Amino acid sequence: MSTPSPRPLALVTGASNGIGYEIARLCALNGFDLVATGRSEKINAAAAQFIRDGANVTAVRADLAEASGVEKVWKAVEDTGRPLAVAVLNAGRSIGGAFIDTDLDDELALISLNVTSVVHLAKHVARRMAAHQAGKILITSSLSATLPTPYETVYGPSRAFTRMFALGLREELEEHGVTVTTLMPGATDSDFHARAGMNDTVFGPGMKKNSRKDVARQGFLAMMEGRAEVVGGDAATKRTAIEHRFLPETYKAARHATKAKPRSH
Ligand SMILES: NC(=O)c1ccc[n+]([C@@H]2O[C@H](COP(=O)([O-])OP(=O)(O)OC[C@H]3O[C@@H](n4cnc5c(N)ncnc54)[C@H](OP(=O)(O)O)[C@@H]3O)[C@@H](O)[C@H]2O)c1
């Protein structure tokens, strides 16, 4: 019979790539075992790195836009038979383009991933952690939660939901010994914008973006400290987040459109 691992357990979604991959590495390097999830087979190579970083890893391939994918991930957590010390709900995506051109089913799937799956997984996580009177949750939102996002019209509102959901849940879970932290990255150097079909915009190749390692480190530290929110990125990104509190939504919408509108449009 194998000896149970003394390391605490962390769940990280979207751990196969980008910001989530870097957060999962930080978890591994800081003494956590992992349930690490991704949609693609890249999760297996990522898991191999987390093992080299010192973690025992359960890799799960699941589409979180489907309720069955969320249940598959949660079953993997339950099957460990261990308390969940940390949960990083990070998987997400955007869709670029004019709303009259973009595909409705694709946008409804985005809402399933960015909104529904976060609520679904958080229900399991929050109940489990509250029962143990301990735990730390990190939910990835975005700087896009602080403005309308024309030409990724559905994305910003999906992250605004995530942010307010996380802040509300934080207030509720405090009395149960559980913290909830919101990570709000500015534009970050991952595959995010390319996958959103935004290479033909200011967000495409050539834009100077925040380092995903820096964003991940800021999110991980804020979660470990139990902070409410952290803007992920450099000083200019943090200044923009402050500026957004005072600018009219219509002004911010017009400014975002200049950056997100396809050049060929
Ligand atoms: N990059 C930015 O500029 C930026 C800015 C603000 C906020 N964010 C937020 O940061 C989070 C991570 O994004 P990222 O920049 O790291 O993007 P990324 O490099 O594209 O990584 C996205 C991660 O989410 C997973 N994922 C995507 N669709 C999924 C699905 N249907 N089911 C399960 N997993 C899925 C991907 O899995 P596979 O790779 O295996 O498909 C990957 O692990 C997102 O929530 C995003 O909204 C990003």
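As the structure is a prediction and not an experimental result, all values here were calculated from the model. Numbering of ligands and ligand atoms starts at 1, following listing order.
- Counting heavy atoms closer than 4.0 Å to ligand 1, residue His193 contributes side-chain atoms (C-beta onward) but none from N, CA, C or O.
- Between Leu64 and ligand 1, at least one pair of N/O atoms sits closer than 3.5 Å.
- In terms of protein heavy atoms, atom 12 (C) of ligand 1 is closest to Asn90 OD1, 3.5 Å.
- In terms of N/O distances under 3.5 Å, ligand 1 is approached by Ser190.
- Asn114 is listed as a side-chain neighbour of Arg159, based on a closest heavy-atom distance under 4.5 Å.
- Distances from atom 2 (C) of ligand 1 to the heavy atoms of Ile139, Val70, Thr188 show the closest one on Thr188.
- Contacts of Asp79 classified as salt bridge (charged side-chain N to carboxylate O under 4.0 Å, His left out), with partners at least two apart in sequence or in another chain: Lys75.
- From the protein, the heavy atom lying nearest to atom 25 (C) of ligand 1 is Gly14 CA, 3.9 Å.
- Here atom 33 (C) of ligand 1 lies nearest to Ala62 when heavy atoms of Gly92, Ala62, Ser94, Ala196 are compared.
- Neither the backbone nor the side chain of Tyr21 has any atom closer than 4.0 Å to an atom of ligand 1 (non-hydrogen atoms only).
- Looking only at heavy atoms of the protein, atom 13 (O) of ligand 1 is closest to Phe192 CD1, 4.1 Å.
- In this structure, the protein non-hydrogen atom closest to atom 16 (O) of ligand 1 is Ile19 N, 2.8 Å.
- Under a 3.5 Å cut-off, the side chain of Thr149 and the backbone N or O of Gly156 do form a donor-acceptor pair.
- Of the candidates Pro185, Ala145, Ser16, it is Ser16 that places a heavy atom closest to atom 38 (P) of ligand 1.
- By heavy-atom distance, the residue among Arg93, Arg195, Met184, Glu66 lying nearest atom 36 (C) of ligand 1 is Arg195.
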Test Val60 against Ile43 for side-chain contact (heavy atoms from CB on, under 4.5 Å), laying out the working first.
CA-CA 7 Å; Val60 188; Ile43 192 59; over 6 Å; no

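- Nearest protein neighbour of atom 29 (C) of ligand 1, counting heavy atoms only, is Leu113 CD2, 3.7 Å.
- By the 4.0 Å heavy-atom criterion, Phe203 is excluded from the residues contacting ligand 1.
- When the options Ala187, Gly232, Ser40 are ranked by their closest heavy atom to atom 40 (O) of ligand 1, first place goes to Ser40.
- Salt-bridge annotation for Asp234 and Arg239: absent, with no side-chain N of the basic residue lying under 4.0 Å from a carboxylate O of the acidic one.
- The aromatic rings of His120 and His124 sit tilted, their planes meeting at an angle between 30° and 60°.
- Atom CG of residue Leu183 and atom OG1 of residue Thr140 lie 5.0 Å apart, to the nearest 0.5 angstrom.
- Side-chain atoms of Lys261 do not come within 3.5 Å of backbone N or O of Thr201 as any donor-acceptor pair.
- Taking 4.0 Å as the cut-off, Ser141 counts as a neighbour of ligand 1 on heavy-atom distance.
- Between Lys72 and Glu66 there is no salt bridge, since none of the side-chain N atoms of the basic residue sits less than 4.0 Å from a carboxylate O of the acidic one.
- Thr140 CG2, 3.3 Å is the protein heavy atom nearest to atom 10 (O) of ligand 1.
- Ala91 CB, 4.2 Å is the protein heavy atom nearest to atom 26 (N) of ligand 1.
- For the residue pair Asp200 and Ser264, a side-chain donor N or O sits within less than 3.5 Å of a side-chain acceptor on the partner.
- Under the 4.0 Å criterion applied to side-chain N and carboxylate O atoms, Lys252 and Glu249 are assigned as salt-bridge partners.
- The parts of Arg39 lying near ligand 1 are both backbone and side chain, judged by heavy-atom distances below 4.0 Å.
- At a 4.0 Å heavy-atom cut-off, ligand 1 does not touch Lys209 at all.
- The pair Arg170-Glu229 fails the salt-bridge criterion, with no side-chain N (NZ, NE, NH1 or NH2) lying under 4.0 Å from an Asp/Glu carboxylate O.
- Using bins of under 30°, 30° to 60° and over 60° for the plane-to-plane angle, the ring pair Phe203/His193 lands in the parallel bin.
- In this structure, the protein non-hydrogen atom closest to atom 19 (O) of ligand 1 is Asn17 ND2, 2.8 Å.
- By the 4.0 Å N-to-carboxylate-O rule, Glu22 lies too far from Arg217 to be salt-bridged with it.
- By the criterion of a heavy-atom distance under 4.0 Å, neither the backbone nor the side chain of Ser144 is placed next to ligand 1.
- Shown in contact with Tyr155 at under 4.0 Å from a heavy atom are these atoms of ligand 1, numbered in order with element: 6 (C), 7 (C), 8 (N), 9 (C), 46 (C), 47 (O).
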